[in-house]
Amino acid sequence: MIGFMCAIAIAFFLAPLTFAIAAIGDAVGRPIALTSIVVALIALYGMAVLFAAQRAWSLQRSGDLAAARLVTAKVALFAALPLVAWLSSQALKQAWP
């Protein structure tokens, strides 16, 4: 079920953004490969997780422990989501008839 939900999330959030960026590139006259767009979006996601981790570290150093714990929980969640999606998709592929 989790794999199905991850597939829905990809279909409704990642795919339209990817196709919109590709269409804009085609309209401008510079076609962009879909794989390079996906790699760029994954890199942006990874950078966002790293920036959130840096924010949690700076909040912890400044003494705001409540905010640091909240941001650390968000970092853990956002770092775990791609792993959960990958594991779910692997389980879905193995269970599919």
Side-chain angles (χ1 to χ4, degrees):
M1 187 66 178
I2 293 175
F4 179 71
M5 294 298 175
C6 289
I8 296 275
I10 289 170
F12 287 106
F13 296 111
L14 184 64
L17 183 60
T18 303
F19 290 135
I21 292 171
I24 291 170
D26 288 340
V28 174
R30 298 203 42 134
I32 304 170
L34 291 177
T35 54
S36 62
I37 296 171
V38 170
V39 168
L41 290 175
I42 290 171
L44 285 174
Y45 185 82
M47 287 185 354
V49 171
L50 289 176
F51 285 138
Q54 189 274 334
R55 181 171 174 240
W57 180 70
S58 66
L59 284 170
Q60 189 265 340
R61 286 186 50 109
S62 69
D64 192 2
L65 297 180
R69 281 192 294 270
L70 179 65
V71 174
T72 303
K74 288 180 183 179
V75 167
L77 175 69
F78 289 138
L81 283 177
L83 180 63
V84 168
W86 179 73
L87 289 173
S88 299
S89 66
Q90 294 301 315
L92 189 64
K93 283 194 314 191
Q94 290 177 358
W96 201 262

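Sequence positions, counted from 1, serve as the residue numbers for this chain.
Taking both residues in full, the closest heavy atoms of Ala52 and Val71 are given as O-CG1, 3.3 Å, listed atom of the first, atom of the second, then distance. Nearest heavy atoms, Ala56 versus Ala68: O-CB, 3.8 Å.
With sequence neighbours excluded, the residues forming a side-chain contact (heavy atoms from CB on, under 4.5 Å) with Ser36 are Ile32, Ala33, listed by chain and number. Residues that satisfy the side-chain contact (heavy atoms from CB on, under 4.5 Å) test with Phe78, not counting sequence neighbours, are Tyr45, Val49, Lys74, Leu81. Residues satisfying the side-chain contact (heavy atoms from CB on, under 4.5 Å) test with Val38, not counting sequence neighbours, are Thr18, Ile42. For Ala73, there are no side-chain contact (heavy atoms from CB on, under 4.5 Å) partners, not counting sequence neighbours.
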(request) Given side chain to side chain contact (heavy atoms under 4.5 Å, CB included), test Leu65 with Arg69 step by step and report yes or no. (result) CA-CA 6 Å; Leu65 297 180; Arg69 281 192 294 270; 3.8 Å; yes

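Under a hydrophobic clustering in which Ile, Leu, Val, Met, Phe, Trp and Tyr are joined whenever their side-chain heavy atoms come within less than 4.5 Å, directly or via other members, Trp57 and Leu59 fall into different clusters. Two different hydrophobic clusters hold Val75 and Leu50 under the rule that ILVMFWY side chains link at heavy-atom gaps under 4.5 Å. Connection of Leu41 to Val39 is not established within any shared hydrophobic cluster, with ILVMFWY side chains joined at heavy-atom distances below 4.5 Å, either directly or through further cluster members.
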